[in-house]
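Okay, structure first, notes after.
Keep in mind that this is a model prediction, so the values were computed, not measured. Just the heavy atoms: all of them, side chains too, but no hydrogens, waters or symmetry mates, feed the values below.
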2 protein chains.
Amino acid sequence: MNKVTAVTIFESLASGVRLEVYRLLVRNGAEGVVAGEIASTLGVPPTNLSFHLKALTHTGLVSVEQEGRFQRYRANLSMMSELIAYLTDECCGGNPELCGVSVKSVSAECACSSSDDK
Amino acid sequence: MNKVTAVTIFESLASGVRLEVYRLLVRNGAEGVVAGEIASTLGVPPTNLSFHLKALTHTGLVSVEQEGRFQRYRANLSMMSELIAYLTDECCGGNPELCGVSVKSVSAECACSSSDDK
DNA sequence: TTAATATTTCAATAGTTGTTGTATAATTGA
DNA sequence: TCAATTATACAACAACTATTGAAATATTAA
């Protein structure tokens, strides 16, 4: 994780629409959600949603897979783990355990994001 | 943690300058850093730094304490813990342990942020 | 092939954010 | 008190972001 990537991730989530999209995808885990369903669930016009989904996929925070004429989106949780590590790994001069924030890395077998971890 | 607060925190960190400030404060833990030292360490003009510090303190991500004519800033790590919890607590329909991301809450005795946890 | 569905791209516009210099406020030491 | 130091507030401008509707692209079904 580097500064530019971290800033881009924060920009990705610094929008009410994108934050709701991300959380919806986190809740739906490996199953993911297709674009039209995201739009109807959140009440966001498809044009606008597409704009925000593009921002989220561009950072890698969300992945997309074509499924016939649908686009299925999923949250990429390992990116979030890396981000948290970046924010805390130098805490107190390199002793993150003192800070009360810990992160386990996402394993390949993770029930929540396995189909999404390539 | 609610949506508006979370978006505000992400906005706070969605800037190279603010992210560097935050990480500098995390590294310095309870000791904190005064504004002038932040400015010289990061090479940011005082006027501009003040703008960014205001944004960080406004969200509560950073706290400030007056010390004579200096303003001493510190990272508020408990806010970060809450944010992470907000992002992951409904993962996989309420089973965050499946996601590989865990967060311990910041304790009052935390060596890193104790003088900052009021 | 044609029509319908799902999604994205484009262009226009409104609003927001970041940067700078100058001016101001607050604290300290002589 | 006065001058020096530290930091913030304000105003102006450039740059970026979000939203919308209309048009385009891609897939499926008839």
Side-chain angles (χ1 to χ4, degrees), chain A residues 3-25 28 31-75 116, chain B residues 3-25 28 31-75 116:
Chain A
K3 187 177 107 179
V4 173
T5 305
V7 168
T8 310
I9 294 173
F10 286 121
E11 282 170 352
S12 295
L13 296 171
S15 144
V17 173
R18 290 195 295 269
L19 183 57
E20 286 191 278
V21 169
Y22 183 74
R23 278 173 40 94
L24 176 63
L25 295 178
N28 282 273
E31 190 193 340
V33 187
V34 298
E37 196 184 333
I38 300 173
S40 59
T41 302
L42 302 180
V44 178
T47 301
N48 190 18
L49 180 66
S50 185
F51 168 82
H52 291 297
L53 284 171
K54 192 179 170 186
L56 286 166
T57 50
H58 185 250
T59 66
L61 207 52
V62 155
S63 68
V64 59
E65 187 183 9
Q66 183 147 8
E67 203 172 82
R69 80 181 97 172
F70 301 86
Q71 299 291 118
R72 184 168 294 274
Y73 288 87
R74 293 185 181 91
D116 175 25
Chain B
K3 187 176 106 179
V4 173
T5 305
V7 168
T8 310
I9 295 174
F10 286 121
E11 282 170 352
S12 294
L13 296 171
S15 144
V17 173
R18 289 196 295 269
L19 182 56
E20 286 190 279
V21 169
Y22 183 74
R23 279 173 39 94
L24 176 64
L25 294 178
N28 282 274
E31 189 195 343
V33 187
V34 297
E37 195 184 333
I38 299 173
S40 60
T41 302
L42 302 180
V44 177
T47 302
N48 189 18
L49 179 66
S50 184
F51 169 83
H52 291 297
L53 285 171
K54 191 180 169 186
L56 287 167
T57 50
H58 186 250
T59 66
L61 206 53
V62 155
S63 68
V64 60
E65 187 184 7
Q66 184 148 8
E67 203 173 270
R69 81 183 97 173
F70 300 89
Q71 299 292 117
R72 183 168 295 273
Y73 289 88
R74 292 184 182 90
D116 174 25

So CD of E37(B) and OH of Y73(B): to nearest 0.5 Å the spacing works out to 13.5 Å
When you measure from the side chain of S12(A) to the backbone N and O of T8(A), does any donor-acceptor pair fall under 3.5 Å?
-> yes
Please tell me if the side chains of L25(A) and L56(A) come closer than 4.5 Å, counting only heavy atoms from C-beta onward.
-> no
d(CG, L13(B); P, dG18(C)) in whole Å = 12 Å
Gap separating the CG atom of L61(A) from the OH atom of Y22(A), nearest 0.5 angstrom | 5.0 Å
Find every protein N or O atom lying less than 3.5 Å from an N or O atom of nucleotides 24-30 of chain D, and list the pairs.
from	atom 1	to	atom 2	distance (Å)
dT28(D)	O4'	R69(A)	NH2	3.4

Rounded to the nearest angstrom, tell me the gap between atom CG in L56(A) and atom C1' in dT17(D).
-> 14 Å
For H58(A) and dT17(D), what is the distance between atoms NE2 and C1' respectively, to the nearest whole Å?
-> 15 Å
Would a 4.5 Å heavy-atom cut-off, applied to side chains only, mark L24(B) and E20(B) as touching?
-> no
Is any side-chain nitrogen or oxygen of Y73(B) closer than 4.0 Å to OP1 or OP2 of dT6(D)?
-> no
Please tell me which of the listed nucleotides, dA18(D), dT7(C), dT8(D), lies nearest to the side chain of S15(A)?
-> dA18(D)
Nearest whole angstrom, please: distance from the P of dT17(D) to the CD of E11(A).
-> 6 Å
Between CG of L13(A) and CG of L13(B), what distance do you get to the nearest 0.5 Å?
-> 11.0 Å
Do the side-chain N or O atoms of R18(A) get closer than 4.0 angstrom to the phosphate oxygens (OP1, OP2) of dT17(D)?
-> no
Donor-acceptor contact below 3.5 Å, side chain R74(A) vs main chain N28(A) = no
Counting side-chain heavy atoms from C-beta on, which of dT19(D), dA7(D), dT17(C) comes nearest to V17(A)?
-> dT19(D)
Please list, by residue number, the residues of residues 42-53 of chain B whose heavy atoms come closer than 4.0 Å to an atom of DNA chain C; answer none if no residue qualifies.
-> P45(B), T47(B), N48(B), F51(B), H52(B)
With a 4.5 Å limit on heavy-atom distance, are the side chains of V44(B) and V21(B) in contact?
-> no
Rounded to the nearest 0.5 Å, the CD atom of E65(B) sits from the CD atom of Q71(B) at a distance of 9.5 Å
Which residue lies more 5' along DNA chain C, comparing F70(A) with K54(A) via nearest heavy atoms | F70(A)
